[in-house]
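Worksheet: the structure to be examined is printed underneath.
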Amino acid sequence: MTFNEETSNATITLKGRDGVNRATATVSQTPVKLTLNPASIVFENGQPNQTATVTVGTTNDGTISSGLTVSPQSKDWFIASVSGNKVIVKTTTENDTGVTRPDEITITYKGTSIKISVKQNCDFNPNQTVNIGGVEWMRYNLAKSRLEGTTTFATKLPSECADDPIKTKSHGRFYQWDIGNKSWPSTEISVTDWDKTNPPTQNVSWLESNDPCPLGYHVPTQEEFLSLKNNTTQTNAGGWSASDYGYKIFKNGNASLELPAIGYRNDSTGSLKEQGTSGNYWTASSYDGIKAGVVMLFYEQSISLFNSYYKSCGRSIRCVKN
């Protein structure tokens, strides 16, 4: 990429004492013309500590050894610096937003400035699904429902959390049965604003209007969870302890789902229970239409559909496509 500006021209007029023009002279200044290689920066994998270098040259001013500047030198996800005739850009945070981060920097040398685009792609696709037994399952736990605002999900699979044995980025948040407009954190042992009121008893299944999943998706029925169990082989990974969370892998051919065992929240106090040792996932089904909401429950050595006596417990949600 080459940056070219128009040559600047100025006319000087010489006047005599009598005010009559005696002569004119034209002065021109050709600006420095910059070349950039590459012409833009794209960080493909969305990870921190990735570096890209832009070499800056000129077509009419020789080799740059000093005097090059870049701005801004820092943003929320990258830093930029200069070394001789090179601009170095380094990512500082992971892009787990689900979309590309676009930005730009300005390179300046001897009064000539040029903008260059800088992008950080995201290797996390929040709408990515896995088809098992004819059911399209989300790959990630639900973190924030559409009824709370913009839908978000956990941003990593448990197997991608090697730097964190708690596997926090795979958790998502806890929900109470048939309540989709409020969720609870997955790591705090206790909470102060817990609602222990059981959801309305007349609802025999999770109402569509209360469904926290994004449009086009829903909380799975017990039949869909049973299909997942019957159409896969299940293996265990992780430590299955409070210091090294376990997770269950459901595999069918090349398709697989990972469900972290992040425990649940107690119905009366909201305190965190069985963290790292059990997985508790709500279904949209109600066992008796009064209190029991059906749960996909698993431990390291077992997996079953369980009738949870209290719908006011806080449990995980894994959405499926309509």
Side-chain angles (χ1 to χ4, degrees), residues 98 123-143 145-146 151-161 167 170-175 177-178 180 203-208 210-238 240 245-264 277-289 292-308 311 315-322:
D123 54 9
F124 161 69
N125 180 355
N127 295 320
Q128 192 171 6
T129 62
V130 176
N131 189 312
I132 296 178
V135 179
E136 292 281 344
W137 292 86
M138 282 280 192
R139 294 189 72 203
Y140 307 92
N141 281 358
L142 184 66
S145 80
R146 63 184 178 87
T151 307
T152 62
F153 296 87
T155 58
K156 283 185 177 294
L157 302 177
S159 60
E160 297 172 335
C161 298
K167 304 172 181 63
S170 73
H171 289 190
R173 288 169 66 89
F174 291 119
Y175 286 81
W177 196 86
D178 201 35
N203 296 346
V204 296
S205 63
W206 200 306
L207 296 183
E208 183 178 350
N210 294 335
D211 197 308
C213 292
L215 295 177
Y217 295 82
H218 62 270
V219 178
T221 63
Q222 65 175 343
E223 291 78 17
E224 286 169 324
F225 262 120
L226 186 61
S227 174
L228 176 66
K229 179 177 181 289
N230 292 339
N231 284 284
T232 59
T233 56
Q234 297 95 45
T235 56
N236 297 313
W240 293 87
Y245 279 31
Y247 59 99
K248 193 79 75 173
I249 303 171
F250 297 77
K251 189 170 179 58
N252 180 318
N254 293 325
S256 65
L257 282 179
E258 297 179 12
L259 272 64
I262 65 174
Y264 69 98
T277 63
S278 76
N280 296 257
Y281 288 77
W282 281 126
T283 77
S285 306
S286 177
Y287 174 68
D288 59 5
V294 181
V295 181
M296 167 66 87
L297 172 67
F298 60 80
Y299 296 92
E300 185 175 11
Q301 301 302 329
S302 66
I303 179 171
S304 63
L305 288 169
F306 167 68
N307 299 323
S308 172
K311 295 177 179 177
R315 305 187 190 277
S316 302
I317 289 181
R318 180 64 63 93
C319 300
V320 297
K321 197 168 187 179
N322 293 346

Check the pair Ile303, Phe250 against side-chain contact (heavy atoms from CB on, under 4.5 Å), reporting the backbone distance first and the verdict last.
CA-CA 11 Å; Ile303 179 171; Phe250 297 77; 3.3 Å; yes
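Using modelled atom types, one side-chain atom of Asn210 and one backbone atom of Asp178 make a donor-acceptor pair closer than 3.5 Å. Under a 3.5 Å cut-off, the side chain of Ser285 and the backbone N or O of Gln222 do form a donor-acceptor pair. Without hydrogens or angle criteria, Arg318 side chain to Leu142 main chain gives no donor-acceptor distance under 3.5 Å. Side chain of Thr283 to main chain of Val294: a donor-acceptor pair is present (N/O by atom type, distance under 3.5 Å, no hydrogens or angles). A donor-acceptor pair under 3.5 Å is absent between the side-chain atoms of Asn231 and the main chain of Ile132, judged by distance alone. Judged purely by atom type and a 3.5 angstrom limit, Arg173 has no side-chain atom pairing as donor or acceptor with the backbone of Ser145.
Side-chain contact between Lys251 and Thr235 is absent, with no heavy-atom pair separated by less than 4.5 Å. With a 4.5 Å cut-off on side-chain heavy atoms, Ile262 and Tyr245 count as touching. Looking at heavy atoms from C-beta onward, Glu160 lies out of side-chain contact with Thr155 at the 4.5 angstrom threshold. Counting heavy atoms from C-beta on, the side chains of Val320 and Tyr217 never come closer than 4.5 Å. Between Pro220 and Met296 the shortest side-chain heavy-atom distance does not fall below 4.5 Å.
Separation of atoms CD (Gln128) and CZ (Arg139) is listed at 4.0 Å; rounding is to 0.5 Å. Between the OG1 atom of Thr129 and the OH atom of Tyr140 there is a distance of 11.0 Å, given to the nearest 0.5 Å. For the atom pair CH2 (Trp177) and CZ (Arg315), the distance works out to 13.0 Å, reported to the nearest 0.5 Å. Rounded to the nearest 0.5 Å, atoms OG1 (Thr151) and CE (Met138) are 8.0 Å apart. Distance OG1/Thr232 to CG/Asn230: 8.0 Å, rounded to 0.5 Å. The OH atom of Tyr247 lies 6.5 Å from the NZ atom of Lys167; values are rounded to the nearest 0.5 Å.
Between Tyr281 and Phe298, the angle of the ring planes stays under 30°, which puts this pair in the parallel group of the 30/60° scheme. Ring orientation note: the planes of Phe225 and Trp137 are tilted relative to one another, at an angle of 30° to 60°.
Annotation for Ser227 and Gly133: closest pair OG-O, 4.1 Å, computed over non-hydrogen atoms. Here the shortest heavy-atom pairing between Pro260 and Asn141 reads CG-ND2, 3.5 Å. For the pair Pro212 and Tyr175, the tightest heavy-atom approach, listed with the atom from each and the gap, is CB-CE2, 4.0 Å. The nearest pair of heavy atoms linking Leu157 to Ser170 is C-CB, 4.0 Å. Closest approach of Cys213 and Val219 over heavy atoms only: SG-N, 3.6 Å. Closest approach of Asn131 to Glu136, counting heavy atoms only: ND2-OE2, 2.9 Å.
Under the 3.5 Å distance criterion, with hydrogens and angles disregarded, no donor-acceptor pair is assigned to the side chains of Ser256 and Glu258.
Results of the side chain to side chain contact (heavy atoms under 4.5 Å, CB included) test with Leu257 over Leu228, Ile249, Asn252 single out Leu228 as the only residue that passes.
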